[in-house]
Amino acid sequence: MKTILIRGGRVIDPASSLDAELDVLLRDGKVAAIDAPGQSKLKKDEEVEIIEANGLVVAPGLVDIHVHLREPGQIYKETIASGTAAAAAGGFTSVCAMPNTIPVNDSPETTRWMQSADRGAVIHVFPIAAATRGSAGEALSEYGSLKAAGAVAITDDGKPILNDAIMRQALAAAARAGLPVIQHAEDTRLTANGSMNAGPMAFRLGLRGMPTEAESGLVERDIRLLAEFKDTRPHLHVAHVSTAAALESVRRARRNGLRVTCEVTPHHFLLTEEAVGLYDTNAKMNPPLRSAADRNAMLAGILDGTVDAIATDHAPHATHEKEQEFERAPNGITGLETALGLSLSWLHKTHKLALTSVISLLSTQPAAVLALKGRGSLAVGSFADVVIFDPAKEWIFKAKQSRSKSNNTPFDGYTLLGKVHFTISEGRVVFQARG
Ligand code: DOR
Ligand code: ZN
């Protein structure tokens, strides 16, 4: 592996409060040094690749703690190879893969299989394992052995744990294993047959709605259960928060000293249910796009620090699956190649969130939420995971050109801010922009 010297860029590392013109030296897959311009010391006869980064931002590689890679089982939608290639193009160097594969990832064997070099991942994949066997919500999977196999959290994403006793057991066992419990907060008893947010828009379209209370009610329930634990302090992470009420519950719980974190997706801080238009299935996902008031609450939560991380919920589906009646089409949109551009244009340019905060929400903070050691930081000794992007460049995203196997995005044709030039994963260039 060649040593890489990144010269003359604006190095932003939220983990070490760094924002200055510096050179970054990557050696043997790790960050070897950060030096004043021109001061990096190379070894005698060392082979070095030089990347000129004048005018570009050099930041820790992005970390997405919520992606669906579809492998094993649905490789016509995505594979670990294609999903990680899309991630690299979007500036990501780590992704956490949800367990709703076929079979469900509830075993150390599948967890290991997903991480095998044979899968062709170009960046690091951290599996998240199922909280219960088959995500059936009945018997817990074995958290200790899942963690030993490399799982970084447990969840039944998409099939939330509704039963109080099972959720209590999951929190207790996860605390013992030292793993966060991720909850996709949706009381499915209230959302049956719903296909978009409950409200005037659903009424107008003649679609059954999914009420906000289905989300906020389950978050409240989870927080109530979490508060029962006095000594072991389990960690609850609320996935893709989409409602003002749920975010308020997280805010309050945190103020009361509970160990709760949460993530918000770009589509929930940017779009509203209006994007459904006339039954656009590329605006159908779960949780659904909400009202403008909820969308604005996501933005406020990002700006005031309640939101710990931006995560994409990258959920690829084939065109033939999305080209069906709205109610029959599957939930989910892709997101890996648009997350940085949407965050920069909407949060940084429009809402004046500092560049370092945007990077932190996409890298340092998500890595901290799931305790991914050596990720989300450019500190010497960290993994040489780096994204180099032009923060001022606007470009048009074309879904057809995606590296993902699927094109189900509502952001086709959007003008995005911030063009990724290089993505480096553990010291290897895994994406380089053309031209
Ligand atoms: O929109 C979604 N898509 N929400 C989920 O909870 C699951 C995901 C998927 O796997 O397609
Ligand atoms: Zn989910």
Side-chain angles (χ1 to χ4, degrees), residues 64-80 83 86 95-105 114 127-132 134-135 137 153-162 180-188 190-192 194-197 210 214-215 218-219 222 236-243 246 261-268 271 273 275-276 280-290 309-322 324 326-336 338-339 404-411:
D64 193 344
I65 58 175
H66 195 143
V67 304
H68 298 271
L69 294 178
R70 306 302 190 207
E71 196 177 357
Q74 293 179 305
I75 60 174
Y76 67 97
K77 294 180 197 250
E78 196 77 286
T79 62
I80 289 173
V95 290
C96 303
M98 284 293 167
N100 65 335
T101 46
I102 304 173
V104 166
N105 176 19
M114 290 174 66
I128 294 173
T132 64
S135 283
I154 54 103
T155 187
D156 282 346
D157 185 53
K159 294 192 171 166
I161 304 175
L162 300 183
V181 177
I182 302 177
Q183 178 84 294
H184 161 124
E186 175 192 0
D187 188 334
T188 45
L190 302 178
T191 56
S195 56
M196 70 172 294
N197 186 42
M210 304 162 86
E215 177 173 293
L218 202 58
V219 170
D222 287 345
L236 172 72
H237 178 74
V238 187
H240 42 52
V241 176
S242 68
T243 64
T261 53
C262 72
E263 73 197 27
V264 167
T265 69
H267 46 282
H268 289 113
L271 301 177
E273 57 196 341
V276 172
D280 180 359
T281 58
N282 282 334
K284 181 181 179 186
M285 72 293 287
N286 189 6
L289 298 172
R290 304 284 188 184
I310 295 170
T312 66
D313 196 5
H314 177 79
H317 293 291
T319 304
H320 72 269
E321 296 170 311
K322 279 292 196 179
Q324 299 190 71
F326 195 84
E327 287 171 294
R328 294 167 69 111
N331 282 308
I333 62 169
T334 57
L336 288 163
T338 46
S404 168
K405 278 196 170 190
S406 297
N407 297 319
N408 50 310
T409 166
F411 299 115

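Note that ligands are numbered from 1 as they come in the structure, with each ligand's atoms numbered from 1 the same way. On a predicted model such as this, the values are computed, not experimentally measured, just so you know.
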Distance to 0.1 Å, residue and atom name: give those for the protein heavy atom nearest to [atom].
atom                   : result
atom 4 (N) of ligand 1 : Asn286 O, 2.8 Å
atom 8 (C) of ligand 1 : His68 NE2, 3.7 Å
atom 6 (O) of ligand 1 : His184 CE1, 3.1 Å

> Does an N or O anywhere in Gly332 fall below 3.5 Å from an N or O of ligand 1?
Replying inline: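 Looking only at distances, the answer is yes, because the N/O contact criterion of under 3.5 Å is met.
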> Can you find an N or O of Asn331 that's nearer than 3.5 Å to an N or O of ligand 1?
Replying inline: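 Yes: some nitrogen or oxygen of Asn331 is under 3.5 Å from one in ligand 1.
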> Run the side chain to side chain contact (heavy atoms under 4.5 Å, CB included) check on Thr79 and Lys405 step by step: do they pass?
Replying inline: CA-CA 8 Å; Thr79 62; Lys405 278 196 170 190; 3.9 Å; yes
> In His184, what N, O or S atom is nearest to the Zn ion (ligand 2), if we give its atom name?
Replying inline: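 Among the N, O or S atoms of His184, the one closest to the Zn ion (ligand 2) is ND1.
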>> Among the N, O or S atoms of Asp157, which one sits nearest to the Zn ion (ligand 2)?
In response: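 Nearest N/O/S atom of Asp157: OD1.
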Residue [X] vicinity, atoms of ligand 1 by number, heavy atom under 4.0 Å:
X      : result
Asn100 : 9 (C), 10 (O)
Ala315 : 3 (N), 8 (C), 9 (C), 11 (O)
Met285 : 1 (O)
His317 : 11 (O)

> Out of Met98, Glu186, Arg70, Lys284, whose heavy atom is nearest to atom 9 (C) of ligand 1?
Replying inline: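 Considering heavy atoms of Met98, Glu186, Arg70, Lys284, the nearest to atom 9 (C) of ligand 1 sits in Arg70.
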If only side-chain N and O atoms count, and only distance matters, is there a donor-acceptor pair under 3.5 Å linking [Y] with [X]?
X      : Y      : result
Asp313 : His268 : no
Thr261 : His237 : yes
Glu78  : His314 : yes

>> Is it the case that the side chain of Asp156 and the backbone of Thr132 share a donor-acceptor pair, with hydrogens and angles ignored and the cut-off at 3.5 Å?
In response: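 Between the backbone of Thr132 and the side chain of Asp156 there is a qualifying donor-acceptor contact (under 3.5 Å).
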> From the Zn ion (ligand 2) out to just under 2.8 Å, does an N/O/S atom of His66 turn up?
Replying inline: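 No, outside the cut-off.
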>> Once rounded to the nearest 0.5 Å, what's the spacing between atom OH of Tyr76 and atom NE2 of His320?
In response: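 Taking OH in Tyr76 and NE2 in His320, the distance rounds to 5.5 Å.
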>> So, taking the atom named CG in Asn408 and the one named OG1 in Thr319, what distance separates them when rounded to the nearest 0.5 Å?
In response: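 Those atoms lie 7.5 Å apart.
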> Testing Thr191, Asn197, Leu190 for side-chain contact (heavy atoms from CB on, under 4.5 Å) with Met210, which one passes?
Replying inline: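 Going through the options one by one, the only one that passes is Thr191.
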> Where is the tightest heavy-atom contact between Pro287 and Ser242, given as atom of each residue plus distance?
Replying inline: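 Shortest heavy-atom contact: CB-OG, 3.4 Å.
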